[in-house]
Amino acid sequence: MKKHLIAAAVAAAVAVPAMAQNVSIYGVLDASYGVNETKGSATATSNVKSTGLADSANSSSRLGFRGTEDLGGGLKAGFVLESGLNLTNGTAIDKTNGHKVTGTGEGSTSTTSADSAVFGAATRQAFMTLSGNFGQALIGYKKTLDTDFNDTYSLLTDNSAGYEGHKVSRLTRANQIAYTTPSFSGIAASVAYSASKASYEAAATDAVEFYDVSMAQANINYVAGPLSVGVHFGSGDIDSGTGVSKSEGVSLFGVETGPGKYRYDTAAIGASYDFKVAKVTGLIGQRKIGLTGAESKSSYTEFGVAVPVTSAFTVKAGYSSAKTEPSAGGAASFDRPGFQVIADYAFSKRTSAWALYGSDKDESPATDDIKRTTARVGLTHSF
C-alpha cells in the first residue's frame, strides 16, 4: 500500500508542471452544395457559373492550436496557430490519384501531379500573447483591427455574395504588435501597429530598393448588457521604391503596385442590440486607398437582423451598400448594393445545417453592370 501511495505522489508531482500549460486543438469544417455565378461583364471570361461542392461559403474552414501557460502572479502567456482548410479542393474527378492529363486525343500527355491539396492550408493567424491585470499584449500575424471591427458588427458572412460589398479593398491580415486594455465599466480599447521593411533589386537599375510598411489602427468598444457600440480608425502607408516596375513592387490588396507612397486610411462606427426576439446590427465606414494625394474613397453601410424562430432555428438577413469614388484619372466610380439571407438550423452547439442566398451588383455609368449571386445549402461543424 505504501508503495502505491509513494508512486501516486511521485506521479502527481511530475504531472503538476505539465498541467501548468493548457493546449487545445480547435477547428471549423464548412462545406456546401450550390451555385456561384458572375454575369454581365463585357469580357466573356469574366462571366462564370460554377455548380457543385464548395468550401467555406458560410464559415471559413480552419484548423487551429491554442494554448496558455500560467506564469504566476496573474500573468499568462498564450499562443494561437491557425491555418485554413480545404475540404472540397479537388478537381471534378480524381485529383488525388496523382495524374494530370494535358490536351486531348493523340497530343495529350499524362504527368504525375504533386498537388494533393485536399487538406491544403494557408496561414490565417499565428501570434503570441502576454496577459494580466494590465490587459493583453500581442505579437505576430493576425486579422487587422479593421477586420475585427467589421466582424463584431456584422451578422453576415464575407465568404459569399452580398456582404459589405467593399471587401475587395480591405487589408484583412498583417504582421503586428497590439495591445488590448482591460474593460473599464464596459469600455475596452485595442491598438495595433504594423511595420516592416524589405529590400529587393530593381531590374531596370540593378540598384537596391526598399519598401516600408507603417500602419496604426485602433478600436474602442462599449458593452452594456444587450447593447454594444464601437468606433474604429486607422492610418498608414506603404512606401515603395522609386525605380521599380509594378512586377517588382508591393502587392497591396491583391494588386501589384509601382513606385510611390500608398495610403490606407480607415474609419467606422458600429452598433448592435439584442432584443431577445431579434438582434439588430449596423455598420457605417469609409476607406481611402491609393497613392498619397490621389486616393480613391470607398464608403459603405451594412444593416442586419437575426431572428431566433425557435431555440434551434435562426434566420439572418442583411443589406449592404458601398460606393467607390476613384482618384483623379482613376477607374470609374461604382456602387455595390447587396443583400444576404441565411437560414440556420442547429442540431447541437457544434453542428448546424444552413441555406444561404446572397446577391450584389457593381453599378457603374462607364461599364456594364456586373452581378454576383451565391445560392448554397451546407453543413458546418466546429470542434
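- With rounding to the nearest 0.5 Å, the separation of CE in Met215 from CG in Asp265 is 8.5 Å.
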Discussion item. Pair Tyr163, Glu302 - check side chain to side chain donor-acceptor pair (under 3.5 Å), show working.
Written reply: CA-CA 8 Å; Tyr163 172 81; Glu302 182 183 307; 4.9 Å; no
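- By the neighbour-count criterion of 12 heavy atoms within 6.0 Å, atom CD1 of Ile139 is sparsely surrounded, having that number or fewer from other residues, nucleotides or ligands.
- Side-chain contact, Asn175 with Tyr193: no donor N or O sits under 3.5 Å from an acceptor N or O.
- Here the closest non-hydrogen pair linking Arg376 and Leu53 is NH2-C, 3.6 Å.
- Of the inter-residue distances, the one linking Ser56 atom OG with Asp30 atom CG reads 5.5 Å to the nearest 0.5 angstrom.
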Please tabulate, one pair per line, all N/O donor-acceptor pairs under 3.5 Å involving side-chain atoms of residues 183-191, not counting sequence neighbours.
| residue | atom | partner | partner atom | Å |
| --- | --- | --- | --- | --- |
| Ser183 | OG | Gly186 | N | 3.4 |
| Ser190 | OG | Thr180 | OG1 | 2.9 |

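- Val80 and Leu138 fall within the same hydrophobic cluster, defined by Ile, Leu, Val, Met, Phe, Trp and Tyr side-chain heavy atoms under 4.5 Å apart, directly or through other members.
- Not a single donor-acceptor pair under 3.5 Å links the side chain of Arg336 to the backbone N or O of Glu363.
- Looking at Phe127 and Leu81, their side chains never come closer than 4.5 Å, going by heavy atoms from C-beta outward.
- No side-chain donor-acceptor contact under 3.5 Å links Ser32 and Asn58.
- Under the 4.5 Å side-chain heavy-atom criterion for grouping Ile, Leu, Val, Met, Phe, Trp and Tyr, Val377 is not connected to Ile342 through any hydrophobic cluster.
- No donor-acceptor pair under 3.5 Å is formed between the side chain of Gln136 and the backbone N or O of Leu130.
- Asp335 places no side-chain N or O within donor-acceptor distance of the main-chain N or O of Ser364, the cut-off being under 3.5 Å.
- Across every non-hydrogen atom of Phe383 and Ile25, the tightest pair is CE1-CG2, 4.2 Å.
- Residues Phe275 and Val280 have side chains in contact (heavy-atom distance under 4.5 Å, counting atoms from C-beta outward).
- Nearest heavy-atom pair across Tyr26 and Glu82 is OH-OE1, 2.5 Å.
- Partners of Tyr319 under the side-chain hydrogen bond (donor to acceptor under 3.5 Å, both in side chains) rule, at least two apart in sequence or in another chain, do not exist in this structure.
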Worksheet item: Yes or no on side-chain contact (heavy atoms from CB on, under 4.5 Å) for Thr301 and Leu283, after CA distance, side-chain angles and deciding distance?
Response: CA-CA 6 Å; Thr301 59; Leu283 179 67; over 6 Å; no
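- Listed by chain and number, the hydrophobic cluster partners of Ile370 come to none, as no ILVMFWY side chain reaches under 4.5 Å of it.
- Applying the side chain to side chain donor-acceptor pair (under 3.5 Å) test between Ser235 and each of Arg263, Lys288, Gln217 identifies Arg263 as the sole match.
- A salt bridge links Asp362 with Arg372: the distance from a Lys NZ or Arg NE/NH1/NH2 to an Asp or Glu carboxylate oxygen falls below 4.0 Å.
- Tracing side-chain contacts under 4.5 Å through hydrophobic residues (I, L, V, M, F, W, Y), one reaches Ile284 starting from Tyr222; they form part of the same cluster.
- Applying the salt bridge (Lys or Arg N to Asp or Glu O under 4.0 Å) rule to pairs touching residues 135-144 yields Lys142-Asp148, Lys143-Asp151, sequence neighbours excluded.
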Would you be so kind as to tabulate the donor-acceptor pairs closer than 3.5 Å made by side chains of residues 347-358, with sequence neighbours excluded?
| residue | atom | partner | partner atom | Å |
| --- | --- | --- | --- | --- |
| Ser348 | OG | Arg350 | N | 3.2 |
| Ser348 | OG | Thr351 | N | 3.2 |
| Thr351 | OG1 | His381 | ND1 | 2.7 |
| Ser352 | OG | Asp344 | OD2 | 3.4 |
| Trp354 | NE1 | Thr380 | OG1 | 2.9 |

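- The backbone N or O of Leu145 lies less than 3.5 Å from a partner atom in the side chain of Asn219, making a donor-acceptor pair.
- Remark: the backbone N or O of Gln125 is not paired with any side-chain donor or acceptor of Thr123 at under 3.5 angstrom.
- Taking CG from Asp158 and CG from Asn150, the interatomic distance works out to 9.0 Å, rounded to the nearest 0.5 Å.
- Considering OG of Ser24 and CZ of Arg66, their distance stands at 5.0 Å, rounded to 0.5 Å.
- A donor and an acceptor atom, one from each side chain of Thr157 and Ser160, are nowhere located under 3.5 Å apart.
- There is a side-chain donor-acceptor pair under 3.5 Å between Tyr153 and Ser228.
- Both the sub-6.0 Å distance and the 45° axial angle are not jointly satisfied by Arg287 relative to the ring of Tyr264.
- What you find for Gln286 and Tyr300 is that their closest heavy atoms are N-CE2, 3.5 Å.
- Val341 is not connected to Val309 by any chain of hydrophobic side-chain contacts under 4.5 Å among Ile, Leu, Val, Met, Phe, Trp and Tyr, and they are in different clusters.
- A donor-acceptor pair is defined here as one N or O able to donate and one able to accept, closer than 3.5 Å; no such pair exists between the side chain of Asp55 and the backbone of Ala31.
- Scanning both residues, Val307 and Ala278, for their nearest heavy atoms gives CG2-CB, 4.1 Å.
- Taking the six-membered ring where the residue is Trp, Tyr345 and Phe313 present tilted rings, their angle falling between 30° and 60°.
- You'll find the side chain of Ser359 reaches within 4.5 Å of the side chain of Phe339, heavy atoms only.
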Item to complete: Begin with the C-alpha distance, continue with both residues' side-chain angles, and end with the deciding distance and a verdict on side chain to side chain donor-acceptor pair (under 3.5 Å) for Asn159 and Ser60.
Response: CA-CA 8 Å; Asn159 297 341; Ser60 298; 3.1 Å; yes
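- Looking at every heavy atom in both residues, Gly304 comes nearest to Leu155 through C-CD1, 3.7 Å.
- The pair Lys371-Asp360 fails the salt-bridge criterion, with no side-chain N (NZ, NE, NH1 or NH2) lying under 4.0 Å from an Asp/Glu carboxylate O.
- Side chain of Asp70 to backbone of Lys76: no donor-acceptor contact under 3.5 angstrom is found.
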Would you give me the side-chain donor-acceptor pairs under 3.5 Å for residues 266-274, sequence neighbours excluded?
| residue | atom | partner | partner atom | Å |
| --- | --- | --- | --- | --- |
| Thr266 | OG1 | His232 | NE2 | 2.7 |
| Thr266 | OG1 | Gly234 | N | 3.3 |
| Asp274 | OD1 | Lys276 | N | 2.8 |

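- Without hydrogens or angle criteria, Asn47 side chain to Gly40 main chain gives a donor-acceptor distance under 3.5 Å.
- Separation of atoms CZ (Phe65) and CZ (Phe79) is listed at 8.5 Å; rounding is to 0.5 Å.
- Atom OG1 of residue Thr374 and atom CG of residue Asn36 lie 4.5 Å apart, to the nearest 0.5 angstrom.
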